[in-house]
**Student:** 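The structure under discussion is supplied below as structure tokens; questions concerning it will follow.
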Amino acid sequence: MTNYHFVGIKGSGMSALAQILHDMNFQVQGSDVDKRFFTQVALEQSGIKILPFQKENIQPGMTIVAGNAFPDTNEEIQEAMKLGLPVIRYHRFLGDFMKRFSSIAVTGAHGKTSTTGLLAHVISGEKPTAYLIGDGTGKGDENAEYFVFEACEYRRHFLSYFPDYAIMTNIDFDHPDYFANIDDVCAAFQEMALQVNKGIIACGDDEHLQKIQAKVPVLFYGFGEENDFQARNVVKTTEGTTFDVFIRNTLFDTFSISSFGDHNILNSLAVITLCHYEGIDKEVVRQQLLNFEGVKRRFSEKKAGSQILIDDYAHHPTEIKATIDAARQKYPEKEIVAVFQPHTFSRTQAFLGEFAESLSLADKTYLCEIFGSARENHGKLSIQDLQAKVPESEIITEEDMSSLKSHDDSVIIFMGAGDIQKFQAAYEKTLQQLN
């Protein structure tokens, strides 16, 4: 029995992979920094040991899975090398691991996590399925036929994979600290497309994806009439969304989802397309789409007095717009308040105008200090540069969240990919002190 030690086990991909291997009855433990991350909750629930970094954690006979955030100079990796133990980087490990299953990579600038979660939920209604989601969720199954996983384009990490299928949700310019421009992003996706073994499901409404060349069949989905799978007759309510699916202009069936916004229709359409191609029972697909409860940090709601608080990972202008649109569909009568924490200085700089535009769709915007990253903890611009572009926006701090109380009967969306949750926690604490 292989004994795995994860260096950086709290990383979202790493923690998910650790859970998968644990579910498949391997011995798993890991180490990381002391700071608490939301990803460790599932590890703790599974009884997976989390240790502080120290070279003594590394013992003969272990196989080391190393997270990308930790260089070869990390003391545990050094010790493993000294002992002659196998040290496998996360992406290479995953690339080898998926060969055991029918593998489906879900990639795209936006919608990866939601689509991965939805696809795993739908297929597992009929077939044993293992999955790895970018929100830190992983599930293994010793009898799994399918492996559904999120494949990130950042630093071209997804080029470590040669999946059977790929769902491509969209191509957009993001990660300006790595990609030079939109052409650079397109080149990465094109390279990924040539590594897919059986078929690609791509959003045909995306002008960049229309140009993808592949050695395997490419099925397009979307709202446009030229798509192989098309959503028509969309009905949006405060309860969810219903739409007809046409396959090459012939009515296939009607589906309903309990989520909101056009992006969720497209995510569902991608899943319907893949399941149709793989022969998953239509009734199973219909039922599973309807009872899907979402993934972590994607439009996660809770009630606080007269207010609805939403936690969402939106950190790119396209995602902010989609999240605000979804809130307007579900709560058409309520004031929509955005609390946004920009993630990384380079992204804020690159999209300053677009951020201002998408945040202006909210009725009121509050801004938190820019969240740096391990790669860049300072930049040339400040949060005041964004504030100057968003009319009547205000800067809010964790120490004083009281201004949010004035928005009675409103929807407050806390958005960001950094540690925006601490601002929501601080606000909830403020409300408790008042009661």
Side-chain angles (χ1 to χ4, degrees), residues 1-53 57 62-70 76 86-106 112-125 127-152 157-158 160-161 163 292-298 300 313 421:
M1 176 59 72
T2 312
N3 186 359
Y4 291 105
H5 177 85
F6 280 65
V7 177
I9 197 167
K10 294 181 190 178
S12 54
M14 291 281 279
S15 63
L17 181 57
Q19 290 166 62
I20 291 167
L21 294 175
H22 175 267
D23 288 346
M24 295 173 81
N25 292 319
F26 290 103
Q27 285 287 317
V28 180
Q29 65 170 46
S31 52
D32 214 313
V33 295
D34 195 30
K35 186 181 172 187
R36 187 159 184 85
F37 290 89
F38 73 94
T39 51
Q40 70 193 79
V41 177
L43 294 170
E44 288 161 355
Q45 286 168 347
S46 298
I48 295 170
K49 197 188 291 180
I50 307 172
L51 304 156
F53 282 132
N57 294 336
M62 287 181 170
T63 294
I64 312 304
V65 181
N68 298 310
F70 301 94
E76 294 190 351
V87 177
I88 310 166
R89 286 286 170 187
Y90 166 79
H91 289 102
R92 213 186 91 219
F93 185 94
L94 199 53
D96 289 339
F97 177 75
M98 69 181 63
K99 291 174 185 167
R100 312 176 190 194
F101 317 94
S102 268
S103 55
I104 307 164
V106 180
K112 287 187 291 289
T113 298
S114 299
T115 307
T116 308
L118 181 62
L119 181 63
H121 176 74
V122 172
I123 294 183
S124 61
K127 305 270 189 185
T129 305
Y131 54 86
L132 185 151
I133 310 177
D135 66 355
T137 307
K139 183 176 183 300
D141 186 323
E142 286 182 284
N143 304 311
E145 293 177 37
Y146 287 91
F147 178 57
V148 177
F149 69 101
E150 185 171 332
C152 185
H157 286 320
F158 59 7
S160 304
Y161 312 137
F292 180 58
E293 291 179 354
V295 292
K296 291 177 204 158
R297 302 223 51 231
R298 302 303 186 280
S300 305
Y313 189 67
Q421 299 104 312

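Side-chain atoms are counted along with the backbone in the values below, which use heavy atoms only and exclude waters and symmetry mates. When a residue number appears, it is its place in the shown sequence, counting from 1.
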**Student:** Tell me, with the steps shown, if Ile123 and Ile104 meet side chain to side chain contact (heavy atoms under 4.5 Å, CB included).
**Tutor:** CA-CA 11 Å; Ile123 294 183; Ile104 307 164; 3.7 Å; yes
**Student:** Find out whether Tyr313 and Thr113 are in side-chain contact, i.e. whether some heavy atom of one side chain is under 4.5 Å from a heavy atom of the other.
**Tutor:**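 Not in contact.
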**Student:** Pick from Tyr161, Phe97, Tyr131: which one makes a ring-ring contact (aromatic ring centres under 6.0 Å, His included) with Phe147?
**Tutor:**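 Going through Tyr161, Phe97, Tyr131 one by one, the ring-ring contact (aromatic ring centres under 6.0 Å, His included) with Phe147 is satisfied by Phe97 alone.
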**Student:** Take Val148 and Lys139 through the test side chain to side chain contact (heavy atoms under 4.5 Å, CB included) and record every step on the way to the result.
**Tutor:** CA-CA 10 Å; Val148 177; Lys139 183 176 183 300; over 6 Å; no
**Student:** When rounded to the nearest 0.5 angstrom, what distance separates CD1 in Ile133 from OG1 in Thr115?
**Tutor:** 10.5 Å
**Student:** Mark yes or no for whether Asn68, through its side chain, and Arg89, through its backbone, hold a donor-acceptor pair below 3.5 Å.
**Tutor:** no
**Student:** Could you point out which residue of Leu119, Leu132, Val106 forms a side chain to side chain contact (heavy atoms under 4.5 Å, CB included) with Phe149?
**Tutor:** Leu132
**Student:** Are any of the side-chain heavy atoms of Phe292 and Val122 separated by less than 4.5 Å?
**Tutor:** no
**Student:** Report the distance from atom CE of Met24 to atom CZ of Arg100, rounding to the nearest 0.5 Å.
**Tutor:** 5.5 Å
**Student:** Please report the closest heavy-atom contact between Gly140 and Ala130, naming both atoms and the distance.
**Tutor:** CA-CB, 4.2 Å
**Student:** Once you round to the nearest 0.5 Å, how far does NE2 of His91 lie from NE2 of His157?
**Tutor:** 5.0 Å
**Student:** Checking Ser31 against His5 for the side chain to side chain contact (heavy atoms under 4.5 Å, CB included) test, could you report, in this order, the C-alpha distance in whole Å, the side-chain angles of both residues, the deciding distance, and whether it holds?
**Tutor:** CA-CA 8 Å; Ser31 52; His5 177 85; 3.2 Å; yes
**Student:** Got Thr137 and Val295 here, is their nearest side-chain heavy-atom distance under 4.5 Å?
**Tutor:** no
**Student:** Looking at CG of Asn143 and OG1 of Thr129, how far apart are the two atoms once the value is rounded to the nearest 0.5 Å?
**Tutor:** 11.0 Å
**Student:** Are the side chain of Gln19 and the backbone of Gly136 linked by a donor-acceptor contact shorter than 3.5 Å?
**Tutor:**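 Side chain of Gln19 to backbone of Gly136, a donor-acceptor pair under 3.5 Å: yes, one is there.
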**Student:** Would the number of heavy atoms belonging to other residues, nucleotides or ligands and lying under 6.0 Å from CD of Glu293 be above 12?
**Tutor:**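 Count not over threshold, so no.
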**Student:** Is a side-chain donor or acceptor of Asp32 paired with a backbone partner of Lys10 at a separation under 3.5 angstrom?
**Tutor:**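 Yes, Asp32 side chain to Lys10 backbone: donor-acceptor pair under 3.5 Å.
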**Student:** Any donor and acceptor pair, going by atom type alone, linking the side chain of His22 with main-chain N or O of Ile48 inside 3.5 Å?
**Tutor:**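 Side chain of His22 to backbone of Ile48: no pair is present.
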**Student:** Using modelled atom types only, decide if a donor and an acceptor are shared between the side chain of Glu145 and the backbone of Lys127 within a distance under 3.5 Å.
**Tutor:** no
**Student:** Got a second to check how far Gln29's CD is from Asn57's CG, nearest 0.5 Å?
**Tutor:** 6.5 Å
**Student:** Would the number of heavy atoms belonging to other residues, nucleotides or ligands and lying under 6.0 Å from CD of Gln27 be above 12?
**Tutor:**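 No, the 6.0 Å shell around CD holds no more than 12 heavy atoms from other groups.
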**Student:** Any chance the rings of Phe93 and Tyr4 have centres within less than 6.0 Å?
**Tutor:** yes
**Student:** Could you tell me the separation between the CZ atom of Phe70 and the CD atom of Glu76, rounded to the nearest 0.5 Å?
**Tutor:** 9.0 Å
**Student:** Kindly give the heavy-atom pair with the smallest separation between Ser114 and Arg298, and that separation in Å.
**Tutor:**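 Scanning both residues completely, I find the closest heavy atoms to be OG-CG, 3.7 Å.
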**Student:** Quick check: closest heavy atoms across Ser12 and Asp135, and the distance to 0.1 Å?
**Tutor:** CB-C, 4.4 Å
**Student:** Counting only N and O atoms by type, is there a donor-acceptor contact under 3.5 Å from the side chain of Ser124 to the main-chain atoms of His121?
**Tutor:**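 Yes, because the side chain of Ser124 sits within donor-acceptor range (under 3.5 Å) of the backbone of His121.
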**Student:** If you look at every heavy atom in Phe158 and Ala151, which pair is closest and at what distance?
**Tutor:**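 Phe158 and Ala151 have their closest heavy atoms at CB-CB, 3.9 Å.
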